[in-house]
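Here's the structure, in structure tokens; my notes come after.
Hydrogens, waters and symmetry mates are skipped; everything else that's a heavy atom, side chains included, is used. Just so it is clear: chains get the letters A, B, ... in the order the sequence lines come, proteins before strands, and each one is counted from 1.
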Number of protein chains: 4
Amino acid sequence: MLKKDQAEEVLETVDAPLEMETSIKRKPRGRPRRSTRENILRAAKKVFSRSGYDGARIEKISKAARSYDSLIYYYFGSKEKLFVEVLEDAYRDIYEAEQDLNLNLQDPVAALRKIIEFPLRYYVANPEVIVLLSTENLQKGKHIAKWPTAHQYSRPVIDILQGVIQEGQAQGVFKNDIDCKKLYIAITALGYFYVSNRYTFSAFLDTDLMQEDSIHEWAAYISDFVLNQVLVSA
Amino acid sequence: MLKKDQAEEVLETVDAPLEMETSIKRKPRGRPRRSTRENILRAAKKVFSRSGYDGARIEKISKAARSYDSLIYYYFGSKEKLFVEVLEDAYRDIYEAEQDLNLNLQDPVAALRKIIEFPLRYYVANPEVIVLLSTENLQKGKHIAKWPTAHQYSRPVIDILQGVIQEGQAQGVFKNDIDCKKLYIAITALGYFYVSNRYTFSAFLDTDLMQEDSIHEWAAYISDFVLNQVLVSA
Amino acid sequence: MLKKDQAEEVLETVDAPLEMETSIKRKPRGRPRRSTRENILRAAKKVFSRSGYDGARIEKISKAARSYDSLIYYYFGSKEKLFVEVLEDAYRDIYEAEQDLNLNLQDPVAALRKIIEFPLRYYVANPEVIVLLSTENLQKGKHIAKWPTAHQYSRPVIDILQGVIQEGQAQGVFKNDIDCKKLYIAITALGYFYVSNRYTFSAFLDTDLMQEDSIHEWAAYISDFVLNQVLVSA
Amino acid sequence: MLKKDQAEEVLETVDAPLEMETSIKRKPRGRPRRSTRENILRAAKKVFSRSGYDGARIEKISKAARSYDSLIYYYFGSKEKLFVEVLEDAYRDIYEAEQDLNLNLQDPVAALRKIIEFPLRYYVANPEVIVLLSTENLQKGKHIAKWPTAHQYSRPVIDILQGVIQEGQAQGVFKNDIDCKKLYIAITALGYFYVSNRYTFSAFLDTDLMQEDSIHEWAAYISDFVLNQVLVSA
DNA sequence: AATGAATGAGCGTTCATTCAT
DNA sequence: GATGAATGAACGCTCATTCAT
């Protein structure tokens with residue numbers, strides 16, 4: 001198991017993840033005074049995303065929030081409910097970031113490129129989210145399954161993609177038979193996997209996938225990869 | 001948190017994952033008499049892949065192996081060392097399955113199609129492996145990092161891909177500028193992600209990605225997706 | 001341990017105990033507007049008598065009083081002091097009920113019968129008191145020991161008994177050598193025990209001692225039992 | 001709340017309860033080597049009977065048994081199951097003591113006197129049992145209710161009483177219309193209550209009911225009290 | 001190699017109590 | 001006096017691990 005000291009020293013380092021473009025990070029709410037509830041939520045995100053659900057310790061969360069174990073129960077009721085709230089927050093953050101892409105529909109190729117690179121950039125900038133999603137998948141999606149509004153987030157996101165595709169088709173630059181849902185999965189997969197499996201794959205391929213160069217190369221690669229798929233062949 | 005009974009009743013069901021093609025499953029070693037060590041290892045794989053490292057309980061492993069906690073320490077020394085052995089086994093299994101693909105080099109398109117579909121099929125048939133890899137990535141690859149032979153497994157795998165690509169290029173059906181390493185990552189991503197995030201993405205898209213139809217559609221989709229990338233345009 | 005829900009649902013039912021004679025119940029103070037202090041005290045009696053001292057929760061008391069934890073400390077200082085006040089109230093209530101017996105001294109046999117049946121009837125109607133006394137005895141009477149006026153309540157009660165006995169002796173119906181203190185203990189024992197040990201004794205004897213019939217039979221039985229002791233043999 | 005030190009210092013004193021006759025104490029199993037399970041059970045009896053169910057602390061039990069918290073769960077599963085076992089033991093002990101009374105049926109008056117005095121003597125010698133029974137009644141008999149064999153203990157006990165009564169009737173010294181069940185309750189009440197409410201009643205009456213003299217007086221008093229009831233009037 | 005008891009740290013949670021408006 | 005957030009100890013229980021046959 002993890003030695004305590006090891007875990008301890010890791011504690012502060014995760015906060016500064018690799019970034020590609022700051023614009024893609026969720027807006028920092030850098031208000032000087034934060035409520036205890038907020039502190040706990042932020043600390044919980046940190047700790048859950050560092051250790052997963054089972055590995056996370058209530059005490060660690062409360063201390064990271066400079067608060068008390070009991071206040072976690074006061075505000076959230078249980079470790080699990082706290083986790084769910086962290087997870088929901090993460091979803092909301094991704095969703096908001098997607099809405100903030102500021103796409104120029106007049107240029108569907110550039111817009112699509114932005115969409116393609118978004119997941120990679122987002123997860124590179126916010127790798128904690130991957131642990132949260134991982135944890136949720138490890139638990140067979142039991143929380144999200146009970147969360148009735150989950151798929152309401154997907155609609156607008158896929159609509160955005162579809163809007164771009166349709167504009168491209170109208171302009172005659174994109175193919176006509178494009179399955180937007182599948183395309184969306186493929187785009188997400190190519191960005192997410194690169195980050196989620198960075199450790200095992202780096203070891204496996206004997207290179208550091210998280211070097212800035214590698215990330216940029218991969219961003220360009222998957223951009224071309226997906227665009228090739230969509231563009232009408234010259 | 002998981003109720004005990006819930007966890008208990010899940011215990012036996014996970015063993016029969018959705019299968020696409022039995023040929024892709026690792027060979028069952030159905031010998032009637034197994035050593036205690038083997039029993040523990042198999043039980044550990046089950047339990048680790050159901051609950052992750054932190055969620056796994058030594059007692060659950062020992063009971064699933066019809067053995068004793070203390071024998072786990074006798075044979076493996078610690079929970080962590082047991083996990084590492086399970087992880088290594090999983091890697092070896094994937095490797096062996098990749099070696100067993102029986103590709104016909106004379107038909108590089110068909111061979112490549114097989115390679116593309118392999119990760120999806122493998123992870124659909126053996127989803128436990130995903131939890132193991134997830135867990136290892138959650139722990140920042142600390143075990144695989146110390147495992148010097150890890151990347152020795154990647155060489156032959158990428159060689160196989162390269163062989164197929166080169167044959168296709170020789171036959172004039174594949175493009176010339178193909179980065180095999182990146183292609184390999186892309187192929188793995190498209191298969192792995194679909195399975196690893198099946199719960200959150202199913203909820204998100206409001207469809208059951210694990211239905212047999214969906215899986216086959218996805219297999220066909222990514223096959224075309226990647227082939228399109230590689231084939232010389234008509 | 002008690003499930004929360006179980007405890008919760010019991011919460012309102014206890015208020016309506018088995019009654020023998022309404023005249024024996026403490027006078028309900030059914031005023032529409034009660035002070036917070038009073039509310040807390042009443043809620044505390046309810047909760048303490050349902051769960052004992054250690055089982056009672058401050059939060060449960062404050063919620064039952066539609067008030068706040070902190071007001072309990074504001075008004076009473078501590079859980080223990082609140083308990084003491086509840087206990088004192090209970091003693092006062094018993095005392096007052098004893099004073100309200102309205103005995104007809106001219107008929108000492110009837111009067112004695114009333115006295116004999118009083119404890120049984122009172123505890124059947126107010127079984128919570130038993131839990132309070134039980135709790136106090138469990139704590140070795142530490143509160144009542146410090147309560148200097150406690151035995152001032154016994155004097156009048158035993159005086160009443162003695163008055164009746166003397167009148168009976170004067171009329172020649174009661175024996176001459178009667179120890180009123182011991183008689184009082186015996187009377188109380190025969191009524192109190194029947195209620196205090198109703199659960200264990202019901203199971204032990206495999207009958208429901210709290211059925212109305214059983215209670216009436218017991219009332220008659222102990223009445224005769226004690227009277228036999230006191231009456232001059234025919 | 002109880003100060004720790006107060007509770008602590010009480011810890012060892014309870015072990016030496018007031019005794020009337022040693023012959024009535026449960027046989028001490030003074031074997032030099034006791035199993036951990038036995039140690040825990042004995043310690044649990046001590047602690048439960050000192051503090052009640054809610055007041056008892058697992059840690060206190062484990063320490064009193066010179067063992068570990070976890071072993072309590074290893075052997076008994078939960079605090080509640082441990083309590084049930086303690087309670088069952090207490091019942092069994094009483095039962096065995098009742099069987100050991102060695103009554104001389106030829107002398108029914110002496111035999112009945114022994115029976116009458118038994119509860120008082122037993123509870124004086126083993127006052128812990130009262131706390132256990134109190135606690136069980138506080139919890140509305142939830143454990144004993146589920147204990148199907150509980151009332152099997154009452155049969156033989158009442159049979160003994162009935163045997164003595166019948167012999168007395170045959171000899172013409174006892175009245176004919178005697179309800180043995182009610183008589184048994186009365187006998188128990190007169191002994192039990194004196195001990196169970198010793199603290200509150202001592203304060204109330206301003207005498208120490210537990211002085212040896214008082215106890216002997218009470219034993220004689222209730223003996224006469226009940227015998228008077230049963231004997232044919234001279 | 002098998003069996004089960006022992007060891008001790010630590011975890012999620014709850015509690016009585018106090019503080020600050 | 002009302003409201004609710006803060007404080008910190010402790011509780012029941014579980015865990016990985018080791019010991020002794």
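D:Ile58 comes within 4.0 angstrom of the backbone, heavy atoms only, and of no base. In this structure, C:Ile72 reaches neither bases nor backbone, as no heavy-atom distance under 4.0 Å exists between it and the strands shown. No contact: C:Ser67 has no heavy atom under 4.0 Å from any strand.
Neither OP1 nor OP2 of E:dT18 sits under 4.0 Å from any side-chain N or O of C:Tyr73. Neither OP1 nor OP2 of F:dC13 sits under 4.0 Å from any side-chain N or O of D:Tyr74. Taking only side-chain nitrogens and oxygens, A:Tyr68 comes nearer than 4.0 Å to OP1 or OP2 of F:dG8. OP1 and OP2 of E:dG10 both lie 4.0 Å or more from every side-chain N or O belonging to A:Arg57.
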Intra- and inter-strand pairing of DNA chain E, written as dot-bracket with Watson-Crick and G-U pairs under 3.5 Å and | for the latter, reads .||||||||||||||||||||
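The NZ-C1' distance, from A:Lys63 to F:dT7, rounds to 14 Å in whole Å. Separating the NZ atom of D:Lys79 from the C1' atom of F:dA10 is a distance of 12 Å, rounded to the nearest angstrom. Rounded to whole Å, atom P of E:dA1 lies 14 Å from atom CD of B:Glu38. Summarising the geometry, the separation between CD on D:Glu80 and C1' on F:dC11 is reported as 16 Å, rounded to the nearest angstrom. Whole-Å rounding puts the C:Asp54 CG to F:dG12 C1' distance at 15 Å. C:Asp69 places its CG atom 12 Å from the C1' atom of F:dA5, with the value rounded to the nearest Å. When the P atom of E:dA5 is taken as reference, atom CD1 of D:Ile40 falls 11 Å away, rounded to whole Å. What separates CZ of D:Phe76 from P of E:dA5 is a distance of 12 Å, to the nearest Å.
Considering only the side chain of A:Ser70, E:dC15 comes nearest among F:dG1, F:dA16, E:dC15. Nearest nucleotide to the D:Tyr75 side chain, out of F:dT17, E:dA5, F:dG12: E:dA5. When distances are taken from the side chain of B:Leu71 to each of E:dT3, F:dC13, E:dT17, the shortest belongs to E:dT3.
D:Lys60 places no side-chain N or O within 3.5 Å of a backbone atom of D:Phe48 that could act as its donor or acceptor partner. Counting only distance, with no hydrogens or angles, the side chain of B:Asn137 and the backbone of A:Thr200 share a donor-acceptor pair below 3.5 Å.
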Checking side chain to side chain contact (heavy atoms under 4.5 Å, CB included) for the pair A:Tyr91/A:Ile144: CA distance, chi angles, key distance, verdict? CA-CA 10 Å; A:Tyr91 265 96; A:Ile144 204 177; 3.1 Å; yes
Candidate pair C:Phe83 and C:Phe76, rule side chain to side chain contact (heavy atoms under 4.5 Å, CB included), full reasoning: CA-CA 9 Å; C:Phe83 176 76; C:Phe76 298 93; over 6 Å; no
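Contact check on D:Lys63 versus D:Glu59 returns a salt bridge, with a Lys/Arg side-chain nitrogen under 4.0 Å from an Asp/Glu carboxylate oxygen. Salt bridge status for A:Lys45 with A:Glu85: absent, with no side-chain N to carboxylate O gap under 4.0 Å.
Between the side chains of D:Ser67 and D:Thr36, no donor N or O sits under 3.5 Å from an acceptor N or O. Counted by atom type alone, D:Glu88 and D:His143 present zero donor-acceptor pairs between their side chains at under 3.5 Å.
Take the nearest nucleotide of DNA chain E for D:Arg66 and for A:Glu59: the residue whose nucleotide is more 5' is D:Arg66.
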